[in-house]
Structures are given as structure tokens and as C-alpha cells.
Amino acid sequence: MSLPSSTRRPAHGAVGARRAATGLAALLILGLACVSKPPAPRPATVRVEVVRGAAGMPEIPAAPLYAVVDMRRPGGAGADPDLLLHATRRAARRHFGSLSQDVPVGLVVLGEGLGETCGDPALIEDPPLSTGPELGTRLNRFAAEPPASLAAALELVSARLAGEAGDGAPARVLVFSTLGSHCPRDVCAPAQRLVAQGAQLDWVVLGDVPAPECLAQLRAPLADGGVHAAVLPQPPAEVAFRVEPRGGHPGYHRGDAYVPAALEGRSGGPALQVAPGLVEVRISLETPLNLWPVRLSPDRETRIRVLDFPTLGLQRSFVETEPEGWPWFVPRRFR
Amino acid sequence: MKRAWVGGLLGAWLLVGAVVPADARSARCESWSGELEGPPTSLDPDPFRSHWAVRRARELAAMAEELESRSRSLAAPLWRHAACLDPRRRDFAARARAATPAKVYRPPVLEVDHGHEFAVEADLAAPLHLKSRAGEAPLPTPPIVFASLRRAEVHLRDASFEEVLRWVSHGRSFLPAGRTSERGVQMGVRLEVLGATASLALGDEPGARAHLAAALAANPGLELDPASVSPKVIGLLAKVRGREEARR
């Protein structure tokens, strides 16, 4: 059974007309859409990173000098003990005489006075009060100090340095000795402690007694705070930068809607979306850095990395556009 | 093609080996606070990181140079780190080795007839010129003798007579026997007079006599100043002198 042709034809014609109308409407909408909304511009992104060096060394105050003079007659066979003792005193005196008046000097003397051989010495001169030339003339007077141990003398200086205000003044410790066998206490541990405190250790040894091997092995660590804090790089600060469009890209001359005015961002912050083309990037460092020309490509991130080392008076910028900047990471199909 | 690659790699490896010392290549740097992760070295393939390492090493070297005049201990870690960041700079590695925090100097001791014993010298390793003590020339008086004399005088003023006697005995023991200088003899006599004074104060007249006899043996013409020495000691000295002369 089939339907009458009269009923089928109009029906068929109506469907066709409806389809045609729908198609026209769609075309119309599409056309309107094309007219009222031009294709969205594809922005480029800019990201700036600033890596800085150290700010520079602070003013370092005059370093105090702590002298340990061992005025004990060396025991044992070998060289003339009186001669060595005399030479030790002379070495100390001639160096004290060479010191500038503004160098504060502290003095510990291991003498030949009455007392225990391995007792605790005393700091007989305080750094702020005494100077080298003046101490050199008075050195012989201190020969009657008790015959304490060298290790105890270094410990005394170390304790003194630890108690001083942390102004970062690096101390110098100077030992004059024959390294006699008066008190066989280990000097390595206190010497290591002094070095860890930033002190420089100079040993003037008279005679043939070998110096403790550990002295050559001492290594100075990087101290927390003090002078060493100044050698660390400055933390990455937020540096303002400005992207300014410059001529050369046709879009700017035609006055397109997406042509922006200059845009501002901050280093280390989110990437800035700007119109592609030639731009100038101005980075507000202490010595302003202007990068021109920088070509920004649509849909790509341009990363500007800046090295700023104020102590060297040096800046250097690296402009890399993804993915060209890292060709070894780019899949073949993007090339 | 493959051969060219291998040859190129081998050439590059040999070039790096020639320029960079082996110890520097094997050393692993530790990142200091605030530095780039790793940290990179001057051999890093990323030009940014490699430039950073070169600049950072130069910056550290400049600061180490400044610090070293004050303290080698403060400069040493900076030199080490700079050498690690830029292994191509052999001079940084050499400075790192030289900046040892503890140094030992051994100035040679030279005995000369016409020396510069009181010369001022900042160089700790410079030779020391001491006056020749060869032959029968008097020996310099050890400073402990003078220091003991000072201590004995102080104790006498404080009326600590036992302490005076201890320091007199201690100081006397350091006088060089037979080769005492003129100054040493004077100090020895003063020590004996102090010993006699302290002994008399303690009621030990035989002890005081012994001290004064030793003083006269060193200086037979000894005269004591009545303004500074007790009359008892002066009287006892006269008696001892008389006995000594009678004995001769």
C-alpha cells in the first residue's frame, strides 16, 4: 500500500524548502558572525626573570690581632734552647714593631713563672687597649706569666672571639713558639675552632720541631652570617618591566583593535600577554636595561632572562622564544 | 656520518680535558643559598647557566681578593667555590690551594757579629739576625730574671715574704752560670738583697746572711741605698762583709 502522490509531493517540497531556509539562515548567521567579530588575535606572552649577584662587600672593621707568645725555654736535645727562646722573643718583638698603631692587639704569654705547666693562661692585654709597637717594648715583663699550655691559649682566644659582638671583623691569631714538649695537649681542635670562627692562624715556629700535621688539613667553612652573608646572591627581587610596541609590524600601523599601549609587568610574576611584533622591553634595574628589538611571535612565550651582577658592573640578557630557544626539546613536527 | 659524530665527540672531550684540570672536572659544587640550582658550572650546555657560572665565579674571586688581605679563612671558601663554578680558571684553583687558613713560618736564625737584632720586620718568614754568642761572650739575661725581680718587689711591698723568697729563688735559677752579663749580675744582686730582706722579716737571719753573702760574691763593692733598703739589712750586710774579709 502506497500513499497518494498528491499527499507525497507537497510534503517533499516542504522539506526541501525548509532545508534551504535552514541553510540560508545558517549562512546568514555565519556571515553576520564574521562581520561583527573578526578572528581573535593570537597574543604573544613575555616573561622576565632577573638573576642577581651579590650586593657587594660591606666595610670591614680593622681586624684585631691576638698574639700567643710562648716564652718557655724549650726542652729536649738539639738546638740551643736559650738561643731558640731568645729568637722567639725577637721574632715577636720585631713583628709587633711593624704593626700599625690602629691594629688592636690582644696578648697571651706562656711564661716561665711559678705555676702549673698545663694550667690556663690569661689574656693579659685586651685588644682595644694595646697596640703592637707598645707591646713589643713591654714583652719581657710578661715572662713571669704561668707556663700554661698552647692549646689552652688557643681556647682562650677562641672563647674571646665567640664573646665579641658579631660585627664580622675577622681576627688574626699569631703564635710564636718553639713547639716545645712542655704540655703535650692537642692543638688541632682549638685551631679548627678558631678557623671556623673566621680567624686566620699564623704560626712562627723557631727550631726544628715539626708543626702538627692537622694544621695543613684545616679547611675554612662558609660561615653563617657575618661577612659571608654579603657574598651570597641577592634574593630575586620583583623588578618592573615595560613592553612597548615599536614600528615594523603592519598591525600597529593599521590601528587594529588589539594593538595595545605599553604594558607593564614584574619579573618573576605571571607572563604578560601582548601583541606580537617588534617591541622594546625596558627592565627597571638599578642601571636600566633596554632590549630592542625583541620580536614576539604569536602563541609563543618569549622568556627574557637577565644576569645582573652589580659588583662587576655587568648585565647580560638572554632572550629566548619558545620553542626556537630550545630546539632539542622540540618535536620534529613543530620545526 | 656516525664516524663523524664519534670523532667530533672525542675531539670535544679531548679539548675539555686539555683545558680543564681533572680535579676541577671531578669536583662537585654545592649550591650556596640564593644561587641557581645545581649549581651550574662554566661547562654547562645552557648558555644562560654557563654565563651565570662564569660571572658568579668572577664576582666571588673579586670579593675573595678583598677579604684575603684581612683573613685567609674568610677568603678560602670563596676561592674554592669560584674554582668549582669555573673549572677553566686554573688561577682560581691555585688561589684556593694557597689560601689555607693556617700557615706555618720558620724564619732561619742567623748569628751575626753585627746584627740587626732590633730591626722591625713584618715578614714572618724573614731571617732573624741575633748577635753571636760564640766563645766566652756573656749570654743575654733571660727575661724571666727581670720579671721575677719585679714580682718579688711587688710581693715585698705587700709583705708577702714567702712569695718574695719563691720568686727570688726562681729568678736566680735562670741566670746563666759563668757567662752572666753585667746587667744580669746587677739583677742577681738585687734579687739577693730582696731575699735577705724577706728572710729577715721572717726571722731567718742565717738565710738573710746567705743571700747577702751571695750578693757580695757577685759584687764585692756592693753598697745599699739607705733610702730604699731597711737599716737592718744594711747592718747585716756590713757584718757579712766583715766576716768575709776576715775569712780572706
Side-chain angles (χ1 to χ4, degrees), chain A residues 51 53-54 57 60 63 71 73 82-87 89-91 93-95 97-98 111-114 139-144 170-172 191 195 198-206 211 215-216 218-223 227-228 231-235 305 307 309 311-312 314 316 318, chain B residues 32-36 47-48 51-52 55-56 58-60 62-64 66-67 70-78 80-81 99-107 109 111 117-122 124-126 128 130 133 139-140 142-148 150-151 166-167 170-171 174 176:
Chain A
V51 176
M57 294 296 298
I60 303 174
M71 291 173 70
R73 188 201 301 248
D82 286 322
L83 177 73
L84 290 181
L85 180 61
H86 187 50
R89 284 200 319 273
R90 284 280 169 255
R93 281 190 66 177
R94 76 171 183 176
H95 188 72
S98 75
E112 290 186 299
L114 303 165
L139 192 59
N140 282 354
R141 297 185 190 179
F142 305 121
R172 186 174 167 218
V195 165
Q200 168 179 317
L201 268 172
D202 289 315
W203 296 67
V204 181
V205 179
L206 284 307
L215 294 182
L218 292 179
R219 275 172 73 88
L222 186 75
V227 177
H228 277 169
V231 308
L232 299 176
Q234 300 171 82
R305 293 194 284 182
L307 293 177
F309 284 87
T311 55
L312 300 176
L314 183 121
R316 175 136 191 175
F318 293 77
Chain B
W32 286 4
S33 172
E35 289 185 343
L36 293 184
F48 174 78
H51 270 89
W52 176 86
R55 265 54 174 188
R56 175 74 178 139
R58 269 177 55 192
E59 178 183 68
L60 284 170
M63 289 189 285
E66 193 178 333
L67 272 181
R70 305 299 187 94
S71 166
R72 290 191 307 270
S73 294
L74 290 178
L78 273 63
R80 284 201 306 270
H81 199 50
T100 51
K103 269 192 180 168
V104 177
Y105 304 85
R106 284 186 193 271
V109 179
E111 286 192 88
E117 218 169 290
F118 296 97
V120 167
E121 176 62 76
L124 295 172
L128 280 158
L130 304 185
R133 299 157 353 117
L139 296 173
I144 182 63
V145 179
F146 176 66
S148 300
R150 295 287 296 259
R151 294 285 171 108
R166 285 182 69 201
W167 281 105
H170 190 66
F174 284 91

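Because only heavy atoms are used, hydrogens play no part in the values below, and waters and symmetry mates are left out as well, while side chains stay in. Only a predicted model underlies this, so the values are computations on that prediction, with no experimental measurement involved. Proteins come first, then strands; the chains are lettered A, B, ... in the order of their sequence lines, and each starts at number 1.
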Quiz item: Quick one: what part of A:Arg172 sits under 4.5 Å from any heavy atom of chain B, side chain, backbone, both or neither?
Solution: side chain
Practice problem: For residues A:Leu201 and B:Arg72, determine if any side-chain heavy atom of one lies less than 4.5 Å from a side-chain heavy atom of the other. | Solution: no
Quiz item: Where on B:Arg56 is there a heavy atom nearer than 4.5 Å to chain A: the side chain, the backbone, both, or neither?
Solution: both
Quiz item: With only heavy atoms counted, which part of B:Ala99 is less than 4.5 Å from chain A, the side chain, the backbone, both or neither?
Solution: neither
Quiz item: Between A:Asp202, A:Val51, A:Asn140, which shows the greatest number of heavy-atom pairs under 4.5 Å with chain B?
Solution: A:Asp202
Quiz item: So, do B:Ser148 and A:Glu112 sit near enough that their side-chain heavy atoms are less than 4.5 Å apart?
Solution: no
Practice problem: Go through B:Thr100, B:Leu78, B:Val145, B:Leu36 and name the one with the most non-hydrogen pairs under 4.5 angstrom from chain A. | Solution: B:Leu78
Quiz prompt | Heavy-atom proximity to chain A below 4.5 Å, by part of B:Glu66 | solution = side chain
Quiz item: Can you check whether B:Pro47's main-chain N or O pairs, donor with acceptor, with B:His51's side chain at less than 3.5 Å?
Solution: yes
Quiz item: Got B:Glu59 and B:Arg55 here, is their nearest side-chain heavy-atom distance under 4.5 Å?
Solution: no
Self-check item: Atom group of B:Arg151 that falls short of 4.5 Å from chain A, counting heavy atoms
Solution: side chain
Quiz item: What option among B:His81, B:Arg166, B:Glu35 has the most heavy-atom pairs under 4.5 Å with chain A?
Solution: B:Arg166
Practice problem: With a 4.5 Å cut-off on heavy-atom pairs, point out which of A:Leu218, A:Leu114, A:Val204 contacts chain B the most. | Solution: A:Leu114
Quiz item: Based on non-hydrogen pairs under 4.5 Å, which of A:Leu215, A:Leu85, A:Val195 is most in contact with chain B?
Solution: A:Val195
Quiz item: Non-hydrogen atoms of chain B under 4.5 Å away: do they reach the side chain of A:Pro221, the backbone, both or neither?
Solution: backbone
Self-check item: Max heavy-atom pair count under 4.5 Å with chain A, selected residue of B:Ala147, B:Ala102, B:Gly34, B:Pro101
Solution: B:Pro101
Exercise. Could you look at B:Ala76 and say if it's the side chain, the backbone, both or neither that has a heavy atom under 4.5 Å from chain A?
Key: side chain
Quiz item: chain B heavy atoms under 4.5 Å from A:Ala199: which part of the residue, side chain, backbone, both or neither?
Solution: backbone
Exercise. Measure the shortest side-chain to side-chain distance between B:His170 and B:Ile144 over non-hydrogen atoms and say whether it is less than 4.5 angstrom.
Key: yes
Quiz item: Around atom CZ of A:Arg219, are there more than 12 heavy atoms of other residues, nucleotides or ligands at under 6.0 Å?
Solution: no
Exercise. Identify which part of B:Val104 has an atom lying under 4.5 Å from any heavy atom of chain A, answering side chain, backbone, both or neither.
Key: both
Exercise. Find out whether the Lys NZ or Arg CZ of A:Arg305 is both under 6.0 angstrom from the six-membered ring centre of B:Phe48 and within 45° of the ring's axis.
Key: yes
Exercise. Could you please spell out the steps behind the side chain to side chain contact (heavy atoms under 4.5 Å, CB included) verdict for A:His95 and B:Glu121?
Key: CA-CA 6 Å; A:His95 188 72; B:Glu121 176 62 76; over 6 Å; no
Quiz item: For A:Gln200 and B:Ser73, does a side-chain donor sit closer than 3.5 Å to a side-chain acceptor?
Solution: no
Quiz item: Heavy-atom distance under 4.5 Å to chain A: side chain of B:Leu128, backbone, both or neither?
Solution: both
Quiz prompt | Side-chain touch A:Met71/A:Leu139, heavy atoms, less than 4.5 angstrom | solution = yes
